[in-house]
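These notes concern the structure reproduced below.
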Amino acid sequence: MNDIDIVVRWVDNNDLIWQKEKQKYVMLEKECKRKDADFSIERYRDWDLLRYWFRGIEANAPWVRKVFFITCGHRPAWLNLKHPKLELVEHKDF
């Protein structure tokens with residue numbers, strides 16, 4: 001089986017700086033009257049499942065080469081930044 005990479009996006013919905021930045025884009029979307037835009041809080045809520053997702057990848061998916069973890073700069077306190085399969089990517093990097 002060929003190795004694959006995984007890309008996962010995450011935000012800390014409790015981060016006040018992120019909330020302020022998000023609000024700018026919400027206003028832009030509303031001005032454009034987009035019907036498909038999802039502004040619900042559930043979309044960004046942290047259900048505290050991510051750590052179990054990472055454990056599942058580690059235990060059950062040996063073919064995963066890298067996990068690219070994309071954030072606004074914040075990250076879960078429990079995240080092991082030194083894990084060889086983890087690549088932390090910030091929005092500003094691309």
Side-chain angles (χ1 to χ4, degrees):
M1 180 177 291
N2 293 332
D3 290 350
I4 65 168
D5 293 336
I6 295 176
V7 176
V8 62
R9 300 174 297 165
W10 180 82
V11 296
D12 179 357
N13 67 316
N14 296 312
D15 183 302
L16 297 177
I17 296 170
W18 176 81
Q19 289 176 10
K20 186 175 179 181
E21 185 73 15
K22 175 186 170 256
Q23 194 58 35
K24 287 192 299 190
Y25 293 100
V26 167
M27 297 309 292
L28 286 172
E29 294 291 328
K30 286 183 177 180
E31 287 174 11
C32 294
K33 297 181 175 37
R34 284 193 51 196
K35 303 263 190 253
D36 62 339
D38 181 3
F39 306 118
S40 66
I41 191 151
E42 290 82 10
R43 181 175 182 187
Y44 302 98
R45 182 180 297 158
D46 184 4
W47 298 92
D48 202 28
L49 299 175
L50 195 58
R51 72 178 80 213
Y52 305 107
W53 180 86
F54 272 109
R55 288 177 188 166
I57 294 295
E58 186 67 24
N60 302 304
W63 59 86
V64 171
R65 188 180 67 89
K66 291 280 183 184
V67 174
F68 292 90
F69 190 67
I70 302 174
T71 76
C72 285
H74 42 250
R75 53 194 159 270
W78 50 262
L79 188 63
N80 178 5
L81 300 175
K82 295 181 180 176
H83 194 286
K85 290 186 176 185
L86 180 66
E87 292 290 332
L88 187 66
V89 180
E90 293 186 24
H91 291 167
K92 66 181 175 72
D93 294 337
F94 60 93

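- For the salt bridge (charged side-chain N to carboxylate O under 4.0 Å, His left out) test, residues two or more places apart in sequence or in another chain that qualify with Lys66 are Glu87.
- By the side chain to side chain donor-acceptor pair (under 3.5 Å) test, His83 pairs with Glu58, sequence neighbours left out.
- Ring geometry, Phe69 versus Trp10: the interplanar angle falls under 30°, so the pair is classed parallel (tilted spans 30 to 60°).
- With sequence neighbours excluded, the residues satisfying salt bridge (charged side-chain N to carboxylate O under 4.0 Å, His left out) with Arg51 are Asp48.
- Partners of Lys92 according to the salt bridge (charged side-chain N to carboxylate O under 4.0 Å, His left out) rule, which considers only residues two or more places apart in sequence or in another chain, are Glu90.
- Remark: Gln19 pairs with no residue by the side chain to side chain donor-acceptor pair (under 3.5 Å) rule, at least two apart or across chains.
- Residues meeting the side chain to side chain donor-acceptor pair (under 3.5 Å) test with Arg65, sequence neighbours left out: Asp5.
- Sorted by first and then second residue, the salt bridge (Lys or Arg N to Asp or Glu O under 4.0 Å) pairs involving residues 10-21 (not counting sequence neighbours) are Glu21-Lys24.
- In this structure, Ile57 is not a member of the same hydrophobic cluster as Tyr52, with clusters built from ILVMFWY side-chain heavy atoms closer than 4.5 Å.
- Residues Asn13 and Trp18 are in side-chain contact: their nearest non-hydrogen atoms beyond the backbone lie under 4.5 Å apart.
- The neighbour count for Ile17 CD1, taken as heavy atoms of other residues, nucleotides or ligands under 6.0 Å away, does not exceed 12.
- For Val7, the side-chain contact (heavy atoms from CB on, under 4.5 Å) test picks out Phe68, Ile70, with sequence neighbours left out.
- Hydrophobic clustering (ILVMFWY, side-chain heavy atoms < 4.5 Å, transitive): Val11 and Leu16 are in distinct clusters.
- Every side-chain contact (heavy atoms from CB on, under 4.5 Å) that Leu81 has, sequence neighbours left out, goes to Arg75, Leu79, Leu86, Leu88.
- In this structure the side chain of Val8 reaches within 4.5 angstrom of the side chain of Trp53, judged on heavy atoms.
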